[in-house]
Amino acid sequence: VQLQAFGGGSVETGDSLRLSCLVSGLTFGNFDMAWFRQGPEKEREFVGAITPTGGRIYKTTAMQGRFFTSRDNAKNTVYLQLTKLKPEDTAVYYCAATIAMHRGGYEYYSPTLYSNWGQGTLVTVSS
């Protein structure tokens, strides 16, 4: 199983980025996909998740309304659109996968739910 995240970079406040995560080695349509991030000296933080049928799960945080997940099951790829970026969004962004099943939204927030992780892609936002 391999999850390859890419699309990070150095941007300025207010800019947008689209991160991608290409998945191989598993049946993509059977997996819930999620994005987490980890800033300097911070714990890994849930960003958003998406089910195989496109159901989206977000947590009420400062990211709400600015970050959006999507997926293309034909391309085995999950995306994270980042908009209105702020310096505090600077972090390594990780994609993760877990077998799809009916869950409460809060269950997606925990990194321990996910059995497969990508290597991360760094997003740096300057003021």
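If you're wondering where the values come from, they're calculated on a predicted model, not measured in any experiment.
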Cluster check [X], [Y]: I/L/V/M/F/W/Y, side chain < 4.5 angstrom:
| X | Y | result |
| --- | --- | --- |
| Tyr93 | Leu122 | no |
| Leu19 | Leu85 | yes |
| Val92 | Leu80 | no |
| Met101 | Val1 | yes |
| Tyr109 | Trp117 | yes |

- [ ] Using distance alone, with no hydrogens and no angle criterion, decide if Arg18 and Tyr79 have a side-chain donor and acceptor under 3.5 Å apart.
- [x] no
For [X] versus [Y], what's the shortest heavy-atom pair and its separation?
| X | Y | answer |
| --- | --- | --- |
| Tyr58 | Val47 | CD2-O, 3.8 Å |
| Gly118 | Tyr94 | O-CD2, 3.6 Å |
| Gln119 | Ala5 | NE2-O, 2.8 Å |
| Tyr108 | Ala49 | CD2-CB, 3.8 Å |

[X] side chain vs [Y] backbone, donor-acceptor pair below 3.5 Å:
| X | Y | value |
| --- | --- | --- |
| Thr77 | Lys75 | yes |
| Thr27 | Gly29 | no |
| Ser126 | Val11 | yes |
| Thr69 | Ile50 | no |

Close side-chain approach of [X] to [Y], heavy-atom, < 4.5 Å:
| X | Y | answer |
| --- | --- | --- |
| Gln81 | Leu17 | no |
| Thr98 | Met33 | no |
| Phe6 | Cys21 | no |
| Ile99 | Asn30 | yes |

As an exercise, state the distance from [atom1] of [X] to [atom2] of [Y], rounded to the nearest 0.5 Å.
| X | Y | atom1 | atom2 | value |
| --- | --- | --- | --- | --- |
| Ile57 | Asp32 | CD1 | CG | 6.5 Å |
| Asn116 | Leu26 | CG | CG | 6.0 Å |
| Ser16 | Arg66 | OG | CZ | 10.0 Å |
| Thr13 | Lys84 | OG1 | NZ | 14.0 Å |
| Glu45 | Met63 | CD | CE | 4.0 Å |

TODO: Validate the cation-pi geometry between Arg56 and Phe68: distance from NZ or CZ to the six-membered ring centre under 6.0 Å, angle to the ring axis within 45°.
DONE: no
Task: Cation over ring face, Arg71 and Phe31, 6.0 Å, 45° - done: no
Open item on the list: Could you check whether atom CD of Glu12 has more than 12 heavy atoms from other residues, nucleotides or ligands sitting under 6.0 Å from it?
Closed with: no
Task: The single option from Thr121, Thr90, Asp89 passing side chain to side chain donor-acceptor pair (under 3.5 Å) against Arg37 - done: Asp89
Open item on the list: Check for me whether the distance between the ring centres of Phe36 and Phe46 falls short of 6.0 Å.
Closed with: yes
